[in-house]
Each structure stands twice: as C-alpha cells, then as structure tokens.
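Taking it in order: structure first as structure tokens, then the write-up.
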Amino acid sequence: MPDRMVKASALDLIKRGRQDYADVERFSADPKAFLAFLDTIGVERAGLINYVAPAIIGLTPEVNDWNAKYCSAAPDRLIAFGGVHPGSVPDPAMEVDRIAKLGIRAIKIHPSHQALSPNDYRHGNGSLAAIYERAQANAMPVMIHTGTSIFPGARNLHAQPMLCDDVSIDYPNLVVILAHGGRPLWMNEAFFLVRRHKNMYMDISGIPPHKLMEYFPRIEDIADKVLWGTDWPSPGVTEMKVNVEKFNALAIEPAAKRKILYDNAARLFPR
Ligand SMILES: [Zn+2]
C-alpha cells in the first residue's frame, strides 16, 4: 500500500518491531524489486490487497489507481485488489466499473476499518448493494475481512463471518472470500459458511501456521475452497517463505496442500 496515505497511528502499528520495513518501503516504490524478491522465495503470483478506509486507516479511493498502476508492471504475476467505500465516492456503482477497467481484479471490503457490516444493504445501505451488484456483474470476487483487528479505531462488531451469510444468499453468483477465516474467534462460522455456499471461499492469511489445525481441524473437507495467504507485511507476520515452510510441514494431504497453495487461486484468478 502507499504508506504516505496511511494515518500515523496505523503506520506505527505496521512498523512496530519490523526488522524489514526498509525492504517493504523499497518494494512499495518499485514493483520490479518486489518481483525479484518473490523470485527468491519461490512465489509465482501475489495478491496485493488494498482497500479504502479514510476515517480509520486513511486510505482513499486513490489506492485503486496506485495499485492498478503498480500491478500493471506484471499483470500475469501481481493481482490487484482494490476497494470501494460507500461515502468516499459519489457513485459507488460507477467506481466498481471504473476500477474494473483499471485492472483491479477483486474488491476487499474491510468491515471493521470501514465501520459497516457486510449485510448493511439489508438495512438501507443502497451503496453497498450497488457495490455487490456491480462486482457480481464484472465477475470480480469480493474479499471480506473477518476476524479481529487491533488497529486503533477498528470496530470488531462487524468482523463476524456470519454477517456474510446474507451476501452469498442475495448475490449467489458473486465469489465471496472470507479473509482470515474469522480468526481467532469465529472459525466455526467461517467453516460452516464455506461449506454452505457454493461461491464462498476463505483465505488463511493472518493465521499463524502452527494454529491452523487447531483452528480448522477439518480443513481437508474444504480444501477446494481455501486460499493461501500470509497478510504480509501486517502486524505479527514476519516472513512469507517461513509461513509456507511451516504450512508444508503440517499433517495435511499433499493434494489438499497443492489446492490451497496454488490450484484454487489459479482457478479464481486466471491469467
Ligand atoms: Zn484483512
């Protein structure tokens, strides 16, 4: 993300204890440097998650233009996620269409940083309905943050996976990805929903690999619906490569591991 847009209180939390923040800044400034880094750790493609949350994090709709431009350096390897926040643009439906044309491949909704619930469209938020409707029409997956956030001002009431049940009922063709599988409080809700809804997935970013089997003992049952992710460089996530190594050491069938690390994302985001 462009850190000049991030509020000081949020940036402090991101930087706290990081040994590699100079690298993060270097990669942020130059996609070629980031691609070279991905080569050294054996990563073929990366999803770059950005979203709009002006009041709590500071990110404005400009992140969409920034991320689209960044990922255009290698669209076959860098998958741009963007955001549309009701209230930040005059016409959210037009904004979805605009960012789709820019090259944004998916939308991240961050309920606890945007201070809205995923199903607020059922309580009068027509802008949110328009975002889902246009995302569905543009075949853009919508990733919805689930699970706690410790960023200053985050409203965790909105972070329960169950609030996304309505979305998959009302937009059955929309691909919904529950980010972080509801960790560390609501994993059972995420597991239930991913099994229930044909077009609902989850990612396991932000989950320490040593906690994964404790959180999702039946992860193999949903291996077709789980996406790898690290959430790097967010607080507490130190090294992407180490996370992959720890995941690979878990007692999960090799075929399921391959789906999670590679096949599912490759299917959702064709080149
Ligand atoms: Zn998130």
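Remember, it's 1-based here, ligands and their atoms both numbered in the order they're listed. Note that the coordinates shown come from a computational prediction; the quantities given were computed from them, not determined experimentally. Each residue takes its place number in the sequence, starting with 1.
Every pair tested for ring-ring contact (aromatic ring centres under 6.0 Å, His included) that includes a residue from residues 192-212 fails, sequence neighbours excluded, so the list is empty.
There is no side-chain donor-acceptor pair under 3.5 Å between N64 and Y51.
A donor-acceptor distance shorter than 3.5 angstrom exists from the side chain of K7 to the backbone of A55, with no hydrogens or angles considered.
The distance cut-off of 2.8 Å around the Zn ion (ligand 1) captures these protein N, O or S atoms, sorted by chain and number: K108 NZ, H145 ND1, H180 NE2.
Contact between G103 and A80 at its shortest, heavy atoms only, is O-CB, 4.1 Å.
Within a 6.0 Å sphere centred on CZ of R155, other residues, nucleotides and ligands contribute 12 heavy atoms or fewer.
Because its NZ or CZ atom is both nearer than 6.0 Å to the ring centre of Y262 and within 45° of the ring axis, R258 counts as a cation-pi partner of that residue.
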